[in-house]
Amino acid sequence: MIDIKEIRENPQRFKQAAKNKNIEVDIDRLTAIDAELLSAKQQLQEIATEKNRIGKSIPKLAGDEKQNALAQLAKFKADESQFEEKVKQLQPEADSLMMLVAQPADDIVPIGKDDTENVELRREGQVRKFDFKPKDHVQLGVDLGIIDIERGVKLAGSRSYFLKGDGARLHWAVLQFAMDVMIARGYTPMSVPLLMRDEAMRGTGYYPGSEEQTYRMEKDEVNLAGTAEVPLTAFRMGEILEEKELPIKFAGMSTCFRREAGAAGKDTYGLYRIHQFDKVEQVVICKNSVEESNKYHEEILSNSEVVMRALELPYRIVAVCTGDLGRGQAKKYDIEAWMPSRNNYCETHSASKFYEFQARRMNLRYKDSATKKNLFCHTLNNTVIASPRVLIPILELYQNADGSITVPKVLQPYMGGLEQIAKS
RNA sequence: GGAGCAGUGGCUGAGCGGCUGAAAGCGACGGUCUUGAAAACCGUUAUACCCUUUGGGUAUCGGGGGUUCGAAUCCCUCCUGCUCCGCCA
């Protein structure tokens, strides 16, 4: 959420921000309602002042004087209800418009309409050239008996799968390895609840907007989180933190649920776009400072790069353009790993910087020692590893001519020393 | 699922329908004292918004609604926590 004062001061900035992000929000309507609400509230405040003044004198009065005072109060009450009606009518609209105002992207973010206009910043690692005809991850997985999509679909519908035997082991190995990297880097490991109330969804910026992307338990009015970002970022929701607690750094491992509504027919092949996967996510909550936010944005990106390099996966870093940024994101880097079967670099990580957008929505603050003021925190997050999506490059890049898979060195200790996945 | 109890400031904890934005204690901060620290003593110490020059005003005692001239205090409802019973793991 954006500070209404900033919108009042410079509505043009937020119109432009929305336009750049391809987001609909009627700033003119918002400022008009805001002005009306403000004046109505000022009137109400004046009436309340008078009412309080008269009300306080009542116990000292008696007889006619008292009757007079009561009559005056009755008149004020009539005026009051007129303004109250106005507030009641306009406030909900103002509130919901406020939830739609976009965080302006940083100036250096490339302007663009969608992900096709993201800008590649650099490439890391060598893309493997095969001297045999490589299989894709589905062929490899099926032949090795470690992936079973058919039965996944039979039991759970489209975009579902089973991982079996060494496939399941590899999946857990990569997650556990990623978590251990984060713990070594000073992040607090977290196991989190995933059935989230609407407040947590709104606080992180997923609602309103991503309801269609979310599985909702209608009976219990909770939502299945699509990422541990939700519980991790909202962990201290509504609290006032001590400055010395910051930065807070979390690494959470969780299952992630996504409906993929509107993606029908897109990426239907294999384990790329699926309804349920597991992910280690990193979240940083820091002070209200652009410099700090920038510093930790680079840090969470580099954490994930450490994991990718340890897995020896070729990848590139992409600066996400304005049209591909979420409502609350000021800047975003994607990491895209090389996936031979897709003959392209494809997103495996997404590092987002929000400034105070999320913190403001969830009222997450800290006491600033210099000013003694309560300031909104800044929040950031990034994928550490998401599996099975990352199994696509791992399986495809580590495959051998005989159809076996060499287990990445750093994962071998997590698989009981197993060096190769072969047909059993 | 049934029965009961509770939710007050950073924390603990008082609170009669008006004198309570809220006692008291702790903590924190500033000062006196001290070579320094501790102790002791003195003082300060919620948040948001509106108008403004110092300053003034409004709202907030889990959320929302209601009764009343006036609600932390009475009523309704929701949320949360605790206890007992039942059921299940």
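The model shown is predicted, which means the values in this text are computed figures rather than measured ones. A note on names: the letters A, B, ... follow the listed sequences, proteins ahead of strands, and every chain is numbered from 1.
- Using a 4.0 Å heavy-atom cutoff across all strands shown, R197(A) reaches sugar-phosphate atoms only and no base atom.
- For the P atoms, the distance linking U52(B) with C74(B) amounts to 40 Å, nearest Å.
- Of all nucleotides present, only A6(B) satisfies the Watson-Crick or G-U wobble test against U80(B), with each distance under 3.5 Å.
- One can place CG of L44(A) at 18 Å from P of C49(B), the figure rounded to the nearest angstrom.
- Nucleotide A46(B) has U60(B) as its partner under the Watson-Crick or G-U criteria, with both atom distances under 3.5 Å.
- With rounding to whole Å, E46(A) atom CD is found 13 Å from G57(B) atom P.
- A sub-4.0 Å separation between OP1 or OP2 of C69(B) and a side-chain N or O of N52(A) is absent.
- Using a 4.0 Å heavy-atom cutoff across all strands shown, R360(A) reaches no nucleic acid atom at all.
- For the P atoms, the distance linking C50(B) with C11(B) amounts to 26 Å, nearest Å.
- In this structure, R309(A) places its CZ atom where more than 12 heavy-atom neighbours from other residues, nucleotides or ligands lie under 6.0 Å away.
- Both distances falling under 3.5 Å, in either a Watson-Crick or a G-U wobble arrangement, place C69(B) opposite G18(B).
- When the P atom is used for both G62(B) and U12(B), the distance is 14 Å, rounded to whole Å.
- A37(B) is unpaired under the Watson-Crick or G-U wobble criterion, no partner having all donor-acceptor distances under 3.5 Å.
- Along RNA chain B, the nucleotide nearest K88(A) and the nucleotide nearest D3(A) are compared for position; the residue whose nucleotide lies closer to the 5' end is D3(A).
- The residue K5(A) sits close only to the backbone: its heavy atoms come under 4.0 Å of sugar-phosphate atoms, none of a base.
- A40(B) and C51(B) have their P atoms separated by 47 Å, with the value rounded to a whole Å.
- Under the salt bridge (Lys or Arg N to Asp or Glu O under 4.0 Å) rule, D106(A) has a single partner from K353(A), K331(A), K332(A), which is K353(A).
- Comparing the same atom, P, in G31(B) and in A39(B) gives a spacing of 16 Å after rounding to whole Å.
- For NZ of K15(A), the number of neighbouring non-hydrogen atoms (other residues, nucleotides, ligands) closer than 6.0 Å is greater than 12.
- Side-chain nitrogen and oxygen atoms of K367(A) include at least one within less than 4.0 Å of the OP1 or OP2 phosphate oxygen of U47(B).
- Straight-line distance from the CG atom of D34(A) to the P atom of C50(B): 9 Å, rounded to whole Å.
- Of all nucleotides listed (A59(B), C69(B), C50(B)), A59(B) comes nearest to the side chain of A48(A).
- Atom CZ in R365(A) sits about 8 Å away from atom C1' in A48(B), given to the nearest Å.
- Remark: F76(A) CZ is packed, more than 12 non-hydrogen atoms of other residues, nucleotides or ligands lying under 6.0 Å away.
- Using cut-offs of 30° and 60° on the angle between ring planes, the pair Y333(A) and H297(A) is parallel.
- Comparing R8(A) and R53(A) against RNA chain B, the residue whose closest nucleotide sits nearer the 5' end is R8(A).
- Following rounding to the nearest Å, M237(A) (CE) and G63(B) (C1') show an atom-to-atom distance of 13 Å.
- Atom C1' of nucleotide U68(B) and atom CD of E80(A) are separated by 13 Å, given to the nearest angstrom.
- Using C1' as the reference atom, G70(B) and C79(B) are 28 Å apart when rounded to the nearest Å.
- At C51(B), one or more side-chain N or O atoms of Q42(A) fall inside 4.0 Å of OP1 or OP2 (strictly under the cut-off).
- If you check U54(B) for Watson-Crick or wobble pairing at under 3.5 angstrom, you find it has no partner at all.
- Between D267(A) and the options R159(A), R258(A), R342(A), R389(A), a salt bridge (Lys or Arg N to Asp or Glu O under 4.0 Å) holds for only R342(A).
- The side-chain hydrogen bond (donor to acceptor under 3.5 Å, both in side chains) analysis of residues 232-249 of chain A, with sequence neighbours excluded, yields the pairs R236(A)-E239(A), R236(A)-E245(A), E242(A)-K244(A), E243(A)-K287(A), E243(A)-S369(A), K249(A)-E299(A).
- The interatomic distance linking D95(A) (CG) with G64(B) (P) rounds to 12 Å, in whole Å.
- The base-pairing partner of C88(B), taking Watson-Crick or G-U wobble contacts with both distances under 3.5 Å, does not exist among the strands shown.
- Summarising the geometry, the separation between CG on N374(A) and C1' on U45(B) is reported as 13 Å, rounded to the nearest angstrom.
- Comparing A38(B) with C49(B), their P atoms sit 37 Å apart, to the nearest whole Å.
- The residue L38(A) sits close only to the backbone: its heavy atoms come under 4.0 Å of sugar-phosphate atoms, none of a base.
- Going from the P atom of A46(B) to that of G21(B) covers 14 Å, rounded to whole Å.
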